[in-house]
Every structure is written in structure tokens, then in C-alpha cells.
Amino acid sequence: MDKVADFRNDLAVALRIALLRIRGQMQYRASFWMQIVGNFFVNIAEVLVTWSLFQHFDNLGGWSLEEVILLHGLAMVTFSLGDTLSNGVQSVPQMIREGTFDRNLVRPMSVYLQSVVSEVSARHFGHLTQGVLLLGIGLATAPIEWSVGRIAYLPVIILSGTAFFTALFTVEAIFAFWTVNGVEAVNAFTYGGSDLGQYPLHIFRRGLRLIFLWLVPIGFMTYYPALYLLDRADPLGLPRAASFVAPLAALLFCLVIRFGWRAALRRYTSTGS
Amino acid sequence: MTTQIQARDLSKRFERHTRRAGMVGAMRGLFDRASETVTAVDAVSFDVARGEIVGYIGPNGAGKSTTIKMLTGVLTPSSGEATVAGFTPWSERRKLAQQIGVVFGQRTQLWWDLPLIESLELLQHVYRVPEQRFRENFTMAAELLELGSFLNTPVRQLSLGQRMRGDLAAALLHDPQVLYLDEPTIGLDLVAKTNIREFLAHLNREAGVTILLTTHDLADIERLCKRIIVIDHGHIVHDGDLARLRDKIATERTMTVDFDDPPTLDDQLETRGMRLLDQTGQRVRVAFERSRLTAPDVLTALTEYGSIRDMSIEEPSIESIIQHIYKA
Amino acid sequence: MRLYLELARTSFQQQFAYRAATLAGLFTNSIFGVMIASIFIAFYRSQGNDTVASWTPDQTVTLIWINQSLLMTVFIWGWWEVTRSIQSGAIVSELLKPFDYFSYWLSRDLGRAVAHFLLRGIPTFTVGAIFFDLLRPAGVAAAFGFLGSVTLAVMISFCLRFLSNLAGFWVLDHRGVSMMYVAIFNFFSGMLAPLDFLPDTVQTIARFLPFQAVLMVPNEIYLGRMPIWQGLGVQAIWIVLLTLLVKRILRAGEQKLVVQGG
């Protein structure tokens, strides 16, 4: 019970820290907005290329532009929310290098939550805005038979995906406790994963599909839920329930990452680097 | 007297990768790597009683910060035991954190982009300090450390001295029993240094806070520490007061002798265990090992070169001893 | 000249120390390569694997893999040494050193690029060749032309990076600049798709920008879609123009420092 109370307190403190820091940053208005705008543009190239390709090609694995845009939106919204929430955790490698990580260990508060709020930035709001726009366009233009179930499931998809990406970004920090040099490999899963989640899963090769379904379950976060929204059959032959495992897969993934984070902390306290 | 910090045979060993030299070495490094074990802290034991201020000194890389990291719970030792304020630091880190304050001179514990006052108020919530207690501690710290003029300034805009005062205040809001200070006066001007020392002395006297501090500054030690622990190559080489440190480490004394007439000295001095430092007219200065010769021995030996009018003996200065330790 | 060769050599050697980073990078580039190539293969399938926008499926897939392989060699983002020294003020003393500041960094970058070509480029392309039917160079001349073109591409990319670094003289936060640069580069360089797939107006704009000289030109030479000398010529012109621009802006930046008194 103690632990639950501790966690609730930590969460409240973390929220307080985050809000204060965002308010602090908004005082530097020019820089604040430039980062958001810059972030809006950084991923737009990919979307423009997708659109251009659809001017030359009929479809992508049987999916129309509107349907692919819906996937783009889902992946981008959840990715950028996770990116925002894990911003501080992503700076853990840098904190370790600079020796400032220690302070998270000498305070009576969850080390993870302290890391989360050690770097708070609003810059991912640009990416988020773009995701929301795409998702909006996708939802409005793709052939969706709206029903209560579909409307109710949409927030679940977003929440699961956000939790999933937050955990996924933590992997990078976890790796950094072992090697500072190899961290780039994690990009294949974070950025690679979010890129892959923007396209219909069945167009990829078996190897990639297995990785991004069963190891890093991005496929269960965007593609399968989208199959339900679009009322499409799964060419890969998984049961229809696959469209609804998003929350469960996200939870499992978070638990695995939590385990990894703890191991990483144990390693840090035994090597100090 | 209750023991506040207890370390028993505390040791820490690290694995280090080593890099080979040259082009061929660099290519080989792609496939296999050499590593070696480094013992940073080797079977260190000491007790610190409640209310003591102990200076923990030694050259860079001697194992100072590794020891402190083990005593704050940041590092788990390879072997040995420790208790701080009744807790085993590395297995009860969170409970211990509530009882200790930590200040690293070069790295702030405050939030870079927030005004000092907001950082302090956030820490109130982190440590769950009751409002009443927080107000009292805050008022005291603000007054003694004169925080008033920069409470609303973002931490990144503070001068080093102001930031240090802010960090000290931040480390004290939750009434810690033990305070760890790593170079608390580094980079500060003389006035700021003095203020911080006075504050620490006050805190120790009034609140009975146990303080373990590392420093390069002799004045910190002279003003604050009745006891110092010297660590070198991971071993404790001294644990006691400053005077005893001198006895132990500085074994060479200097004798200055005034002869009636300028004497003619020969190399007999050397064979008798003395070292001529300089001679100007009637005045001669020689150095000798206290373990080999006594002052009367030296005096007797010198009378052979002429009649002596006056003499004095100098012990090495504490400053030179500290310098000696840090150069080692 | 000895100095610059020595700089290049040390910088070349340094890259061999990062074993984990090399393997990690190879892995990441390969995953992206497989992904992007798969997307194109799926697109082409919808068109009966015909030639689209003058590109055959094999050519497009080869381009995707060449891009992934060259990514680290031409090194598009993540180099902010100059901005950092502008921000720290160290640039003042660095500019006074008895060598050319621009050539100093250029020689280091060329050394780095050779190492990355060997450590990252060739292995990534090999991975691509294992999983996909990649095309060989259009001929012996095209192969050598490609190597020359990659060398020039590194120099162009370096100039562009150097220029965006120099923005540090006027802009405080380089993250905004960095994001913009990546967005522009990705769109106009042919990084994500051959330029011919983009709308005509965009293509026209892209042809007058230096970004396509970093990736599209080496690709077109490799695939024999462009006369070798034409490609190399375009690149050479860009190097001259960009170098002049760099020197001018560097001088303007220096002036700004002098006016402000450092």
C-alpha cells in the first residue's frame, strides 16, 4: 500500500514539475514557437512523398491514399505523445555522460518519474499537431462505417499506442546504461517502428512483420486497430481479435520495459557509469 | 555518542576497457577488447558520530567520490557494509534519501529553468515536508544564506555563489540528519566561501547535522573539520585531527641556526642525516628526518662548525601537507 | 597540406574505435532499407511492376539502398561542432589559428567519410544485395564515376552542414535550424524517393538546389541514367558556389563577432 501511495505522490509531484517547467519555457516565446513550428515541418517531407507516390501508383498493398493517411495519423499521434512523455527519459544517456543522473538517485522519488521530468519540452507539439491533422483527414475521408464500438475504441487505440511508444523510447535509455555507442540501434525500433506503423503491415517481409508484431508490437497499435476501423479482413490470417489486443500488448510491453529499466538501474548502481 | 555513518571494509572495483594504440590496434579493437579491473576503494572503514564534521580528502581519483556515492546509495559496493542514519544506503536508497542532503559543488540539484523559489517549493513536495516545517526551514535558510535578492531568478541566471547557496538551502529543507558536501566552496570568491563556512558551522552547531565534506580548500578544513580522513589509492592513510596528520605525513623538520661567525660546512652533514637547505652569512638552514634525528642531535652536530648564538625549529605548514596530499 | 592529410588520417582512424556504434548503425540502416524498399515494391505491384516515372522497380530499390548506404558517408545531420564553438565563443581563437578553418574541418570530414564508406556504406549495401535484387553499376566507367561522385557529394554535404552550422552566428537555438534542414534535405535530395516521383514544379525547384547533388547525382551515375561528366560537372559547380558562400558567410559572422567585441 505504501508503494501505491508513494507512486501517487510521485506522479502528482512530477505533474507539478512538468507544468511549472512548461510555463517557464513559454516565457521565451520566440524559441518556444520556433521549436513547435520546426517540429511540425520536420516530418512533413515523408507525408508529401507518400502523397506524391499515390499520384503515380494506384494503391499500396490494396490500400488507398485515404486509408494510408489514417495509418499515418494513428502512428504519428501516438508516436509524438510517447515522444513528449519520454522526452526526459531520452535525455538519460546525456545525463549519465554529464554525471547529472546521480541526483535522481539521492531523492525520495521514483527515479523513472524524475527522469521523465528532468527534461520537459513542448517542441513535440508540432509533430503532434501534424499527427492530429492527418488523423482527422484520415478519419474523415477513409471509408469507415462509424459505430459505437468504433468511436469508443478510438481513444483506447490512442492511449495504448501512447503508452507503447513511451515505453519504446525508454528502451534507448535502458541501452545507454550498457553502451553509449550502440544506442543508435534502438532508432531502428523507435523511428523505424513508427515509420513502419504508418504503412499496411502486410506489405512488409515476414522477418520485419515478426519483429514489429511480436517483439516490438507496433503492428498491434496501428495496423490491426485500423483493420477494425476500416472493416478490412487481415491478409495475414490472424483472428479478428488481433484488432483488439492493443491495450493488452501495450501493457505487456510496458511491463517488460519496466523490468529492463530496473535491471538498468541495478547495473548503474553497480558500475556507476 | 551515536554513530551516524558507519563503513566497514567498503570496497569498489570497476572493469575498464582499454584501448590499443595505433592503426592496427584500432582495427583490432573492432573485434576484441582488452579490459582491466580497477580498485577504486579498497576496504575502507570508519565511523562518524552524530554531529561530527569530517573532511574527506585525497587526490583526484583516490576514491573520494566513489566512497560518497556508496554512502548515498548511488553505488553498490563490491564488498563490505555500511549504515547511514540507520539504513543500508544501496538497498534502502529511497528511505535514506529522506534522511540525507547532498550538494555537489559543480552540479546543481535545482531545476535549471525555474526560479529558485519554485525549485525549493517543488522539493518540499518531493520530500513531503509539512507546510509549517517547510516555512520554518525556508525562512531560516533564506535569512542565513541571504537568498532574498535572487529568489525569483531562474537558476541558470544565478552566479556560482548564489547557486551554491540555493543548492545548500535545497539540501536542508527536509531536515536531513546527514549532509554530504562535495567541494562546497569550489570556484567561489573569498566572501562567499566565508559565508558558506559560517553557515555550515552554524548548521552543525545548532541542528546537530552530521557533515561529510570533500574539499581542496585548506581553509574549509581548518574552519570546519576537527577530524579529517585522507584517502589515497583507495586506502585510508589517515584518520584523525590535523596535527596528527602532520606527525604522520610530514616527517621532515627544518632547523635554522645562527652562528657567531660564518661557518665552513662540509659533506659530513649529509652522512649524519642532515640536508643543507641554504646558508647566508652566519645563518644556516638544515632539514632532517624526525624519525632519525632529534633536535639536540642536530644541534650537537652543528656546534662542531662554530659556536651557536641562536636557533629555531619549524614544523612543516599544514598547507604544504595538504598540497603534498593532493599532489600525490 | 601535410597537416590536412594528417587531420584526415586521424579522423579516419577515430571511426574504428566505435565498434558498437558501427554495428548499431548498420542494423538501423538495414532495417530502414528493407522497409522503404518493401514499400516501393508494394507500390510497383499495384502497377504490374511496370516502369513508373521513368524508374524500373529494380532501379528504385537500388536507389533506396544506395541512399541508406551513403547516409553516414555524406553525413546529413547531427554535426554541430562549429555551432557549438560559436556558442561557447571558442571560435574566436580557433579562427586565429595558423590554418584555414574551413579546410581544417573539411579534411577531418573527408577522413571520416572514407571510414564511413568502408565501415557503413559497403556493409549496408551488401545487406541490401542479400535481401533484394540490386543492380550493378552501369559499367566500369559508371563505377569509377560513382566513387568520384560520392567524394564530391561528401564535399557538398559538408558545405551544407557547415552553412547550417554558421547559422549559429545569428540564431541562438540550433534545434530549429536542424529540424528545418532535415525536412528540406529529405524532401529535395531524393532521400525518400527518386525525384522524378515528385510533382513537376517540385522537381524543377529541386534541380536548382544543391541537395539533389548529394544523393540523386551519385545514384543516377551508378545506374547509368546520367552522363558521368554531366553529373560530376554539376557537383563541381555546386562545390565552387557553396565554398564561396561559406567563406562569405564566415566572414560576415566574424564581422559580427568583431562588432560585438567577441
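Just so it is clear: chains get the letters A, B, ... in the order the sequence lines come, proteins before strands, and each one is counted from 1.
Among all heavy-atom pairs drawn from A/Pro108 and B/Ala97, the shortest one is N-CB, 3.5 Å.
Taking 4.0 Å as the cut-off between side-chain N and carboxylate O, B/Glu118 and A/Arg16 do not count as a salt-bridged pair. A salt bridge links B/Arg128 with A/Asp6: the distance from a Lys NZ or Arg NE/NH1/NH2 to an Asp or Glu carboxylate oxygen falls below 4.0 Å.
A 6.0 Å sphere centred on CZ of A/Arg262 holds no more than 12 heavy atoms belonging to other residues, nucleotides or ligands. Counting heavy-atom neighbours within 6.0 Å of A/Arg258 CZ, excluding the residue itself, gives a total of 12 or less. Taking a 6.0 Å sphere around CD of B/Glu136, one finds it holds more than 12 heavy atoms contributed by other residues, nucleotides or ligands.
The CD atom of B/Glu15 sits 11.0 Å away from atom OG of A/Ser270, with the distance rounded to the nearest 0.5 Å. With rounding to the nearest 0.5 Å, the separation of CZ in A/Arg23 from CG in B/Asp113 is 11.5 Å. Here the CG atom belonging to A/Leu105 is positioned 9.0 Å from the CG atom belonging to B/Leu75, to the nearest 0.5 angstrom. Taken to the nearest 0.5 Å, the CZ atom of A/Arg103 stands 14.5 Å off from the OG1 atom of B/Thr72.
Both the backbone and the side chain of B/Val126 have a heavy atom closer than 4.5 Å to some heavy atom of chain A. Only the backbone of A/Glu98 comes within contact range of chain B, with at least one heavy atom under 4.5 Å from a heavy atom of that chain. Only the side chain of B/Leu123 comes within less than 4.5 Å of a heavy atom of chain A; its backbone N, CA, C and O stay farther away.
Counting heavy atoms from C-beta outward, A/Tyr268 and B/Val74 have side chains that approach closer than 4.5 Å.
Per-residue heavy-atom pair counts under 4.5 Å with chain B were compared for A/Asn104, A/Leu20, A/Thr100, A/Leu265, and the maximum is reached by A/Leu20. No other option in A/Asp10, A/Val117, A/Val13, A/Asn9 has as many heavy-atom pairs under 4.5 Å with chain B as A/Asn9.
Cation-pi check for A/Arg107 over B/Trp111 is met; the charged atom lies under 6.0 angstrom from the ring centroid and within 45 degrees of its normal.
The backbone N or O of A/Thr269 sits nowhere less than 3.5 Å from a side-chain atom of B/Lys69 that would complete a donor-acceptor pair.
Checking each of B/Arg93, B/Arg94, B/Gln109 against A/Val106 for a side-chain contact (heavy atoms from CB on, under 4.5 Å) leaves exactly one that passes, namely B/Gln109.
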